[in-house]
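Below: the structure, in structure tokens.
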Amino acid sequence: MRRLLVLTALALLAAPAIACASDDVVVNGVIVPKAASTVEVTQDLIEFREGGETHPRLLVGAKRYGVCVVAPAPVAVLDAELPRADAVTRMTVQIEDGRAFAGCLVASLTIDGSGGKRRLTYCLRCEDVTTP
């Protein structure tokens with residue numbers, strides 16, 4: 001059983017970010033038009049060896065959840081978090097496949113392209129995720 005958990009964790013770490021279809025990304029209950037999302041889930045693995053052991057033992061560490069929202073136009077609820085402020089809003093982001101990320105904070109914003117080909121990528125780090 002333990003070996004299966006370790007293999008599952010390693011498979012998650014090796015998997016690329018998940019790209020999803022558009023039009024169903026929801027941030028704090030508001031649909032983001034023409035948006036898509038990518039997901040990154042990582043988990044620390046701690047490797048150690050006891051005494052003269054030749055095979056490493058793996059322990060599961062902290063999980064980290066990230067979700068990026070890619071949109072062709074600014075997303076007001078996320079832009080509101082960019083200026084420096086005392087109050088920080090934790091967000092809930094639901095993506096196309098029904099996963100819901102909770103306790104999210106805006107970590108970065110990148111803007112690519114220009115004119116009609118411009119796209120904004122808001123990346124958030126989250127405390128937890130639930131699956132449908």
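Count residues from 1 along the sequence.
Hydrophobic cluster of Leu105: the remaining members, joined at side-chain heavy-atom separations below 4.5 Å, are Val88, listed by chain and number.
Evaluation of the side-chain contact (heavy atoms from CB on, under 4.5 Å) rule for Val77 yields Val27, Asn28, Val75, Met91 as partners, not counting sequence neighbours. Not counting sequence neighbours, the partners of Ala62 by the side-chain contact (heavy atoms from CB on, under 4.5 Å) test are Asp44, Arg64. Remark: Glu47 engages Arg49 in a salt bridge (Lys or Arg N to Asp or Glu O under 4.0 Å) (not counting sequence neighbours).
Counting heavy atoms from C-beta on, the side chains of Leu82 and Leu109 come closer than 4.5 Å. With a 4.5 Å cut-off on side-chain heavy atoms, Phe101 and Thr130 do not count as touching. Residues Val32 and Val26 are not in side-chain contact: their nearest non-hydrogen atoms beyond the backbone lie 4.5 Å or more apart. Under the 4.5 Å side-chain criterion, counting only non-hydrogen atoms from C-beta, Tyr122 is in contact with Pro74.
Not one N or O on the side chain of Glu40 forms a donor-acceptor pair closer than 3.5 Å with the backbone of Val67.
Of all non-hydrogen atoms in Pro33 and Ile31, the two that sit nearest each other are CD-O, 3.4 Å. The minimum heavy-atom distance between Ala80 and Pro83, with the atom names listed, is O-CD, 3.6 Å.
The salt bridge (charged side-chain N to carboxylate O under 4.0 Å, His left out) analysis of residues 70-82, with sequence neighbours excluded, yields no pairs. Sorted by first and then second residue, the salt bridge (charged side-chain N to carboxylate O under 4.0 Å, His left out) pairs with a member in residues 118-132 read Arg90-Glu127, Asp112-Arg119; sequence neighbours excluded.
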Check against side chain to side chain contact (heavy atoms under 4.5 Å, CB included), Ile46 and Leu58: CA-CA 5 Å; Ile46 303 160; Leu58 297 175; over 6 Å; no

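In this structure, the separation between OG on Ser37 and CG on Asp97 is 7.0 Å, given to the nearest 0.5 Å.
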